[in-house]
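Have a look at the structure below, then the notes.
Atoms considered below: every heavy atom in the structure, side chains included; atoms not considered: hydrogens, waters and symmetry mates.
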Amino acid sequence: MDHAADAHRTDLMTITRYVLNEQSKHPESRGDFTILLNHIVLGCKFVCSAVNKAGLAKLIGLAGETNVQGEEQKKLDVLSNEVFIKALVSSGRTCILVSEEDEEATFVEPSRRGKYCVVFDPLDGSSNIDCGVSIGTIFGIYMIKDGVEPKLEDVLQPGKNMLAAGYCMYGSSCMFVLSTGSGVNGFTLDPSLGEFILTHPDIKIPKKGKIYSVNEGNAKNWDGPTAKYVEKCKFPIDGSPAKSLRYVGSMVADVHRTLLYGGIFLYPADKKSPNGKLRVLYEVFPMSFLMEQAGGQAFTGKQRALDLVPKKIHERSPIFLGSHDDVEEIKALYAAEEQK
């Protein structure tokens, strides 16, 4: 046995150690947030294991119902949703939960209530399970004022009020990406230890990227600025090289690649979906929060994404997010359109 190597493996920055280190920077902290994050991490480990076994466990077939978004629910969607609801309620630190799978928000019973609201998509991109493409869990955390009875308005806040946001990607490796408002860190699950290890400290998105990511199948329904931008990506007029197109169709995978390699991810409004397709609270906000924390930008076609104030829990919005300079270009095209 290589004892030196084994000793080195115990000196790792695990996600638990990282969160405790962060907590120690706030002497007034009682550890509630740390406990909540630990429960989210546990939920992600459970779903990661279930996703890996899905093909074997015959979990793949449809569960029969259709969720509030009109998507056929996979058994794994249902399972993941139950896992996260149970993990979050049992933490004793949450008061309101909003899930993509549930039409109504879940209000935690008073005896198990805490001060955090969690918004989440338990299994984003689940229609990709059958073909082995990366899928993931997306979440955002808000806090309510102490001693106040929680109400729905507590989650209908702009994204800039989020305390933390992140996602867990179940792909070739299981990766947990988190921001608590001071930069973005990526952790990879070491299956032999069952621990998330810090592998991508302080992720910064390149200022400009070489990749654009969009569903070009919707091109005939796009508005002017989006069509112009994509045309410019393919046929640049300034002599620069054309951008490469990469589109998985699973938001977690597309945003993860954008975060690491730079470029832009677009899900614009179009004639078919005039308000865009991605949900504000648990898709647009967490991913925009991470992008800004990593030095990128997120824009809705009208305003900074994190300034949006949602009126309903399943509200949708167009989104353009990624490298600072790439998002600047699309902002300029929308500004020019306004002036017309």
Side-chain angles (χ1 to χ4, degrees), residues 9 12-19 36-65 67 71-91 97 99-102 118 120-139 165-178 184-200 203 246-261 282-283 286-287 290:
R9 286 186 74 203
L12 295 166
M13 181 58 82
T14 64
I15 195 158
T16 313
R17 187 171 156 195
Y18 171 81
V19 172
L36 172 60
L37 270 174
N38 274 335
H39 278 73
I40 292 174
V41 166
L42 181 65
C44 290
K45 286 180 188 172
F46 190 97
V47 173
C48 176
S49 160
V51 166
N52 287 339
K53 292 199 287 257
L56 302 168
K58 287 277 179 283
L59 279 167
I60 289 231
L62 298 174
E65 298 113 31
N67 74 2
E71 297 163 341
E72 287 184 318
Q73 273 190 317
K74 299 267 176 167
K75 284 183 181 166
L76 266 177
D77 291 20
V78 184
L79 175 75
S80 308
N81 193 40
E82 285 171 7
V83 164
F84 279 103
I85 298 273
K86 288 196 172 96
L88 292 165
V89 171
S90 69
S91 73
L97 310 176
S99 165
E100 193 245 7
E101 297 293 337
D102 297 329
V118 183
F120 62 99
D121 184 343
L123 204 59
D124 183 74
S126 54
S127 60
N128 283 319
I129 294 166
D130 296 14
C131 61
V133 165
S134 296
I135 51 183
T137 299
I138 311 171
F139 66 91
Y167 59 81
C168 187
M169 185 175 74
Y170 315 112
S172 52
S173 58
C174 178
M175 190 157 177
F176 191 93
V177 176
L178 172 71
V184 181
N185 289 282
F187 303 82
T188 304
L189 185 63
D190 178 339
S192 65
L193 295 173
E195 287 280 7
F196 280 103
I197 310 297
L198 180 63
T199 49
H200 294 64
I203 298 171
R246 297 281 183 275
Y247 187 71
V248 178
S250 174
M251 190 193 192
V252 173
D254 281 313
V255 171
H256 185 66
R257 183 200 54 248
T258 306
L259 194 60
L260 295 184
Y261 300 166
Y282 41 79
E283 290 174 328
M287 294 310 202
L290 289 166

Sorted by chain and residue number, the side chain to side chain contact (heavy atoms under 4.5 Å, CB included) partners of Asn38 (sequence neighbours excluded) come out as Thr16, Thr34
Could you pull out all residues at least two apart from Pro122 that satisfy side chain to side chain contact (heavy atoms under 4.5 Å, CB included)? Ser80, Asn81, Phe84, Ser99, Glu100, Glu101, Phe120
Contact between [X] and [Y] at the side-chain level, heavy atoms closer than 4.5 Å - yes or no?
| X | Y | value |
| --- | --- | --- |
| Ile135 | Tyr170 | yes |
| Leu178 | Asn185 | no |
| Asp102 | Ile85 | yes |
| Ile129 | Val51 | no |
| Ile197 | Thr14 | yes |
| Val19 | Val41 | no |

Listed once per pair and sorted, the side-chain hydrogen bond (donor to acceptor under 3.5 Å, both in side chains) pairs that draw on residues 39-49, sequence neighbours left out: Ser49-Lys53
Nearest non-hydrogen partners of [X] and [Y], listed with the distance:
| X | Y | result |
| --- | --- | --- |
| Ala50 | Leu76 | CB-CD2, 3.9 Å |
| Ser192 | Asp190 | OG-OD1, 2.6 Å |
| Leu189 | Gly194 | CD1-C, 3.9 Å |
| Met13 | Arg17 | SD-CG, 3.8 Å |

Rounded distance [0.5 Å steps], [atom1] in [X] versus [atom2] in [Y]:
| X | Y | atom1 | atom2 | result |
| --- | --- | --- | --- | --- |
| Leu260 | Met175 | CG | CE | 6.0 Å |
| Asp124 | Ile138 | CG | CD1 | 4.0 Å |
| Thr137 | Phe46 | OG1 | CZ | 12.5 Å |
| Ser127 | Asp77 | OG | CG | 9.0 Å |

Can you give me every donor-acceptor pair (side chain of residues 249-256, partner residue at least two apart or in another chain, under 3.5 Å) with its distance?
from: Ser250; atom 1: OG; to: Ser134; atom 2: O; distance (Å): 2.7
from: Asp254; atom 1: OD1; to: Ser213; atom 2: OG; distance (Å): 3.3
from: Asp254; atom 1: OD1; to: Val248; atom 2: N; distance (Å): 2.9
from: Asp254; atom 1: OD1; to: Arg257; atom 2: NH1; distance (Å): 3.0
from: Asp254; atom 1: OD1; to: Arg257; atom 2: NH2; distance (Å): 3.2
from: Asp254; atom 1: OD2; to: Val248; atom 2: N; distance (Å): 3.2
from: Asp254; atom 1: OD2; to: Gly249; atom 2: N; distance (Å): 3.0
from: His256; atom 1: ND1; to: Tyr167; atom 2: OH; distance (Å): 2.7

Sequence-distant partners of Phe176, ring pair (Phe, Tyr, Trp, His ring centres under 6.0 Å), two or more places apart: Phe139, Phe196
Name all residues meeting the ring pair (Phe, Tyr, Trp, His ring centres under 6.0 Å) criterion together with Tyr247; count only those two or more places apart in sequence or in a different chain, and write none if there are none. none
Check the pair Leu198, Leu12 against side chain to side chain contact (heavy atoms under 4.5 Å, CB included), reporting the backbone distance first and the verdict last. CA-CA 8 Å; Leu198 180 63; Leu12 295 166; over 6 Å; no
Tell me every residue that passes side-chain hydrogen bond (donor to acceptor under 3.5 Å, both in side chains) with Thr188, counting only those two or more places apart in sequence or in another chain. Thr199
